[in-house]
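Comments concern the structure below.
Labels below follow one simple rule: chain letters A, B, ... track the order of the sequence lines, proteins then strands, and each chain is numbered from 1.
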Number of protein chains: 2
Amino acid sequence: MGTRKIRNMEEFAAVSGISRPTVSKYFNDPDSVRRSTREKIEAALEENDYRPNIYAVNQNRKLTKNIGIVVPYLADPFFAEIARNIEQRCIDSGFRPTLFSSHGDPELEVEILDSLRSLKPAGVLFAPLGRASDRSVIEKFCADVPTVLFDSNLEGMGEAFIGSDNHSFVSQTVDYLSRTGEAPCFFEMRTPANPNANKRRDAYLQMMAKIGLEPNVFKIDGTGWAFEEIGRQGGLKLLAEKAFPTDTVLCSNDRLAIGFLAACYEMGLKVGRHDGSDLRVASHDDHPFSRFTCPSLTTAAHDYMAVSDRSVETVMQLIESGGRLDKRTETLFAARLIMRDSA
Amino acid sequence: MGTRKIRNMEEFAAVSGISRPTVSKYFNDPDSVRRSTREKIEAALEENDYRPNIYAVNQNRKLTKNIGIVVPYLADPFFAEIARNIEQRCIDSGFRPTLFSSHGDPELEVEILDSLRSLKPAGVLFAPLGRASDRSVIEKFCADVPTVLFDSNLEGMGEAFIGSDNHSFVSQTVDYLSRTGEAPCFFEMRTPANPNANKRRDAYLQMMAKIGLEPNVFKIDGTGWAFEEIGRQGGLKLLAEKAFPTDTVLCSNDRLAIGFLAACYEMGLKVGRHDGSDLRVASHDDHPFSRFTCPSLTTAAHDYMAVSDRSVETVMQLIESGGRLDKRTETLFAARLIMRDSA
DNA sequence: ATAAAAAATTTACGCGCGTAAAGTTTTTCC
DNA sequence: GGAAAAACTTTACGCGCGTAAATTTTTTAT
């Protein structure tokens, strides 16, 4: 092991006693060489710390082993968690994931896609900003780079979409709330950041119609990704106006709900499902912090694992099929109701 | 613009009417070529969408334009925010940042450093896990790759450290709390994840001695990075035992405090600085969610911007000086007290 | 205008590796 | 044991670009 530093594959091949082309073959797929050969190479690998130069490798390989992961807003722990799962699964499959966050900024999203192009990734897992996204740019990107969309769907773009079934979220919360108390009012942003919000509102209207209750949708102002503050401001305003006709508020998502709960607290309202409470609040997403709100938040949980697992599976399939799939599939996973103290 | 797709710099040089070596020079530094030449190249760039192949570029360049950013736990919005700032500043300086999260796992941290090596980055901005980090691996890494540590210091490692002045956090909160009510008890993990926690406890003890009050440190069990749950469990236990001799609890950090507030709520205790409250709770970090807790959390804020700005400035200096600095500097930024409703 | 300086061009090589083709050795199998 | 198959070695080329050296052109300065 006291040998000098290995500078390239040529030198490493020499010390391992195997020819360079065979060593190259080994690094591309260790099982493609004879067992005895593999053992020699791996023995040499123990003694010397050589690793192929990824730049030289990627320059010559038709397809890199890179996978791009793009999320809209990494400061949202929901995306941090899902990105973490996806990252790990990609590594386990022998790929090199690179994580990007658009930070809620459509221009940054475009820049990321641009920079992703030059990475020549084998595949991309992309959760777009949604409404604010530059659709034409994304369309071109998807045409050039094998892409799987997740979390937020853009009609017809990418080779597949994997996400959560918004209807399943809302039907469970509305059903639960209406069975156990007054009918829920729906609390959302007037101009929601992504299409999931619209699906949730529609599901709410549909559910209320189905069970024969009067729907009440409250749309609050505010743009951007600072959902908590938007929820808080909107909540303060509506609560001051005593706008809610029932004692139950269903928020479009947990981050909005976190802000709304802060507003309730500031207004001196007691939130909860127990006697003596002024208001029930529920929501959707099962945000990592939702169990630490006061009171803990009743919500509907994403199947994080299913979404990230299936997304990675799909992009792997996509890569194996050479970058195109026969037809664009949309996979939605159902939600799970999480009953806590707020409703 | 109707020309065929440009395949390499040779072809691009042809359509721009400039020789390839000069075009290469341009891409390395647009200001290194004559104005008229730059304009010709940029005109051609408008018409054709050519970008140098980064793999070929990085293979030949002695130093890449890559910068690695490593944070211990991206699901913590604090790190997500600081990473975002650092990313942007790197881009503005003409570098390509790549973000990694150790997700609280020391083995993953080692893998990341390993994979970072092969990226041959010009510089690395590294916030280590802390106590759990494999110090010998990190030491070797820092010896090979120009690295600036931030947030969490490891004695002597890296070319510089930039972080927050823990004493400044604690002195401000202790001073404020002791002036406005009963003496604060200190609430922390028994085996904290990083060295900042130890510095904060020491600062607490020192402050209490200075102002002549009896210190009360409560150490709770739990390992890992699920601080909220650890704080909640520890809080439930201590509150049930009525362990706190005063009505004021100072948490080591906001995530612990968020869990502690949940515990208080569950125990039916009213937290706040107003009359009729049972307990005052304060903390440190100004976590992005701390203004949405119920009640909103009185805390001491990091100077996010200063830390991220200075970190990037330092790594740029480091790169310019060829990867080594004359002497290792430690820069600490003071905290700012944020008075909210919890104390 | 002329010399000196600056910038661009031409030519050429090398980076580290993928990969193809032809030849050689080893393994497998009846 | 012998032939076919499999795996390996040798040789060679190319990927796209950085970069050096020598030469030519353009700009700047006197």
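- When rounded to the nearest whole Å, the span between CD of A:Glu10 and C1' of D:dC13 equals 14 Å.
- The aromatic rings of B:Tyr50 and B:Phe12 lie parallel to each other, their planes meeting at an angle below 30°, with 60° marking the opposite boundary.
- Across the interface with DNA chain D, nearest-nucleotide mapping of B:Val57 and B:Ser36 shows B:Val57 to be the residue nearer the 5′ end.
- Closest contact between the side chain of A:Thr37 and the listed nucleotides D:dG16, D:dC15, D:dC8 involves D:dC8.
- Taking atom CZ on B:Arg51 and atom P on D:dC17, their separation rounds to 12 Å, with Å as the unit.
- The separation between B:Arg7 atom CZ and D:dC17 atom C1' is 16 Å, rounded to whole Å.
- Protein atom CD1 of A:Ile41 is 11 Å distant from nucleotide atom C1' of D:dC8, rounded to whole Å.
- Residue B:His103 is tested with A:Glu87, A:Glu81, A:Gln88 for a side chain to side chain donor-acceptor pair (under 3.5 Å); the sole match is A:Glu87.
- With DNA chain D read from its 5' end, the first of the two nearest nucleotides for A:Pro21 and B:Met9 is the one closest to A:Pro21.
- Taking every side-chain heavy atom of B:Ser19 into account, C:dT9 is the closest of C:dC17, D:dG16, C:dT9.
- We find that CG of A:Asn53 is positioned 18 Å from P of C:dG14, with the value rounded to whole Å.
- At the heavy-atom level, B:Tyr50 lies under 4.0 Å from the strands shown only through sugar-phosphate atoms.
- Between B:Phe78 and B:Tyr304, the angle of the ring planes goes over 60°, which puts this pair in the perpendicular group of the 30/60° scheme.
- Between B:Arg324 and B:Glu159 there is a salt bridge, with a side-chain nitrogen of the basic residue lying less than 4.0 Å from a carboxylate oxygen of the acidic one.
- Summarising the geometry, the separation between CZ on B:Arg38 and P on D:dT26 is reported as 19 Å, rounded to the nearest angstrom.
- Among the nucleotides D:dC17, D:dC15, D:dC8, the one closest to any side-chain atom of A:Arg34 is D:dC8.
- Going from atom CZ of A:Arg89 over to atom CD of A:Glu313 covers 9.0 Å, rounded to the nearest 0.5 Å.
- At the heavy-atom level, A:Asn28 lies under 4.0 Å from the strands shown only through sugar-phosphate atoms.
- Residue A:Arg20 has its side chain nearest to C:dG18 when only C:dC15, C:dG18, D:dT19 are considered.
- Across the protein-nucleic acid pair, B:Asn58 atom CG and D:dC17 atom P stand 12 Å apart, rounded to whole Å.
- Atom CZ in A:Arg61 sits roughly 8 Å away from atom P in C:dT19 (whole-Å rounding).
- For B:Pro52, whose side chain is taken as the heavy atoms from C-beta onward, the closest listed nucleotide among C:dG18, D:dC17, C:dT10 is D:dC17.
- Contact between the side-chain N/O atoms of B:Ser24 and the OP1/OP2 oxygens of D:dC17 is not found at any separation under 4.0 Å.
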